[in-house]
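Here the structure is laid out as structure tokens; the discussion comes afterwards.
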Amino acid sequence: MPELPEVETVVRGLRPRLKDCVAGLAWVDWPKVLDGYNLTQFNKEVKGQALKGIHRRGKYICLALDTHYLVVHLRMTGRLYVSSNKTGDDKWVHFSLAIGDQQFLAFSDARKFGRVTLTRSLDYLEEKLGPEPLPLPREAWLTLLSGTSRGIKAFLLDQKKLAGVGNIYADEALHRTGVDPRRPVNELTPQERTNLGINIQDILAAAINYEGATISWYRKPDGTQGESQKHFKVYGKTGEPCSQCGNLITRITVAQRSTHFCPTCQS
DNA sequence: ATCTTTACCTGACTGC
DNA sequence: TGCAGTCAGGTAAAGA
């Protein structure tokens with residue numbers, strides 16, 4: 001499940017591979033991957049454009065071209081890597097873009113939830129995404145985590161409030177902070193708000209250093225697995241003893257997501 | 001404003 | 001071996 005650390009790892013892995021590349025033609029085996037964009041039009045616009053840079057915004061991958069951005073969202077099972085084959089290196093590749101010298105940027109996605117789009121401006125992303133958690137000043141967390149009665153986990157998953165956090169790292173950060181995922185945001189103490197901000201940042205930064213979490217589908221662009229999953233305290237640990245108190249990790253549903261927490265440590 | 005439901009998708013897993 | 005049922009969850013849209 002690619003979240004901020006996984007997407008950041010993909011971007012960092014691809015960056016050196018895309019240096020000095022020029023876009024050629026795109027290939028598609030499932031038109032919907034272009035999110036309504038017509039392939040002919042797509043190719044007309046993208047062909048011959050230099051790849052000028054790649055960065056992450058929230059869970060979106062933004063590849064800067066001369067006049068456009070190629071924007072990729074991995075959703076659940078998306079993978080993005082460089083291949084020497086137009087149809088990539090696995091059976092779930094639905095899009096590829098020639099980037100020169102028999103090299104292709106391949107987008108693989110078993111679930112077909114992910115999308116590849118082309119845009120002249122990234123403004124539309126800014127309109128639907130909250131601030132990046134890394135970095136976000138300490139005072140900003142206090143402001144962000146106020147004025148709403150929504151449950152804290154639902155709030156953290158809302159990309160318009162905070163960009164990049166998903167189900168895994170929301171559970172991990174709430175456990176480290178000792179906060180029940182169902183607690184209304186406006187009932188957190190100032191200390192809890194500050195601590196939650198710090199813990200989200202620490203956990204995301206550590207996960208980037210571990211190069212993301214391979215639960216099932218996520219792979220780094222070089223095909224290898226991340227290590228972050230080895231450091232989880234609650235995600236996927238249902239029925240196992242809590243590392244803090246020894247009582248059992250419980251799974252409940254919060255905000256329509258499976259939620260893992262310790263009823264003893266989190267209140 | 002907030003919450004709930006549904007849709008999008010298919011591989012992996014469970015139980016019979 | 002196969003087959004039905006269930007689960008995984010990021011985002012968008014619709015309805016309460």
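What you see is a predicted model, and the numbers here were worked out from it, not measured in a lab. Residue numbers start from 1 in every chain, and the chains themselves are labelled A, B, ... in the order their sequence lines are given, proteins ahead of strands.
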OP1 or OP2 of [N] versus the side-chain N and O atoms of [X]: is any pair under 4.0 Å?
X	N	value
A:Lys128	C:dA12	yes
A:Gln159	C:dG10	no
A:His73	C:dT11	yes

For A:Tyr218, report the nucleic acid contact type (base, sugar-phosphate, nothing); a contact means any heavy atom under 4.0 Å. nothing
Select base, sugar-phosphate, or nothing to describe what A:Ser258 touches, counting heavy atoms under 4.0 Å on all strands.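 Sugar-phosphate only.
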Base-paired stems that DNA chain B participates in, counting runs of 3 or more Watson-Crick or G-U pairs under 3.5 Å: B:2-8 with C:10-16, B:10-16 with C:2-8
I'd like the P distance from B:dC9 over to C:dA13, given in whole Å.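 Approximately 15 Å lies between the P atom of C:dA13 and that of B:dC9.
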Please table the atom pairs, donor to acceptor, closer than 3.5 Å between any side-chain atom in residues 18-36 of chain A and protein atoms at least two apart or in another chain.
unit_1, atom_1, unit_2, atom_2, d
A:Asp29, OD1, A:His94, ND1, 2.9

Could you write out each protein N or O paired with an N or O of nucleotides 11-13 of chain B at a distance under 3.5 Å?
none

Check whether the side chains of A:Gln49 and A:Thr67 place a donor and an acceptor atom closer than 3.5 Å, and report yes or no. yes
Return a table of donor-acceptor pairs under 3.5 angstrom between the side chains of residues 245-256 of chain A and protein atoms on other chains or two or more places apart.
unit_1, atom_1, unit_2, atom_2, d
A:Asn247, ND2, A:Thr264, OG1, 2.9

Starting from A:Tyr69 and following side-chain heavy-atom contacts under 4.5 Å between hydrophobic residues (I, L, V, M, F, W, Y), which residues can be reached?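 Listed partners: A:Tyr60, A:Val71, A:Leu122, A:Tyr124, A:Leu125, A:Leu129.
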Write down the protein N/O and nucleotide N/O pairs, taken from nucleotides 1-5 of chain B, whose separation is under 3.5 Å; answer none if there are no such pairs.
unit_1, atom_1, unit_2, atom_2, d
B:dT2, OP1, A:Thr148, OG1, 2.7
B:dC3, OP2, A:Arg150, NE, 3.2

